[in-house]
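Working notes, beginning with the structure itself.
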Amino acid sequence: MNREAGPLIIAILLPIIVVLLIFLYINGYDITTYFKKIDIIYYIVVFPIALGLLVAILRYKKE
């Protein structure tokens, strides 16, 4: 994937995801209830792993 493809993919997918979430919320599907059911320990474990993976990918791209 070249340098321009990443931001382009994010710029295309982000509005689609936001509109999809709004559409689901209007039709009665509240996504936040599913996130509230997940135990807090999983957020504590997954967040640093995802953040570390993001930093590793960004550092790899610079080299």
Side-chain angles (χ1 to χ4, degrees):
M1 181 161 55
N2 60 13
R3 234 181 354 176
E4 293 85 15
L8 178 64
I9 291 171
I10 292 171
I12 291 172
L13 288 181
L14 191 65
I16 293 172
I17 292 171
V18 170
V19 169
L20 177 67
L21 290 175
I22 292 171
F23 180 75
L24 287 174
Y25 184 75
I26 289 172
N27 286 323
Y29 297 103
D30 192 12
I31 305 295
T32 58
T33 57
Y34 298 113
F35 291 127
K36 289 178 185 176
K37 289 181 183 178
I38 298 174
D39 197 18
I40 190 70
I41 193 71
Y42 293 115
Y43 291 119
I44 294 171
V45 170
V46 171
F47 181 71
I49 293 172
L51 192 59
L53 184 62
L54 180 65
V55 169
I57 290 171
L58 292 175
R59 284 188 179 239
Y60 178 75
K61 295 260 185 190
K62 286 183 180 178
E63 293 177 5

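Along the sequence shown, residues are numbered consecutively beginning with 1.
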Indicate every side-chain donor-acceptor pair of residues 34-45 with a distance under 3.5 Å to a residue at least two apart or in another chain.
unit_1, atom_1, unit_2, atom_2, d
Y43, OH, F35, O, 2.8

Show me the donor-acceptor pairs, under 3.5 Å and distance only, between side chains in residues 11-31 and residues at least two apart or in other chains.
unit_1, atom_1, unit_2, atom_2, d
N27, ND2, F23, O, 3.2
D30, OD1, T32, OG1, 2.9
D30, OD2, T32, OG1, 3.1

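Taking Ile, Leu, Val, Met, Phe, Trp and Tyr as hydrophobic and joining them when side-chain heavy atoms fall under 4.5 Å apart, one finds I10 isolated, its cluster having no other members.
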**OP:** Take L53 and I49, measure what side chain to side chain contact (heavy atoms under 4.5 Å, CB included) needs, and give me the verdict at the end.
**Re:** CA-CA 6 Å; L53 184 62; I49 293 172; 5.5 Å; no
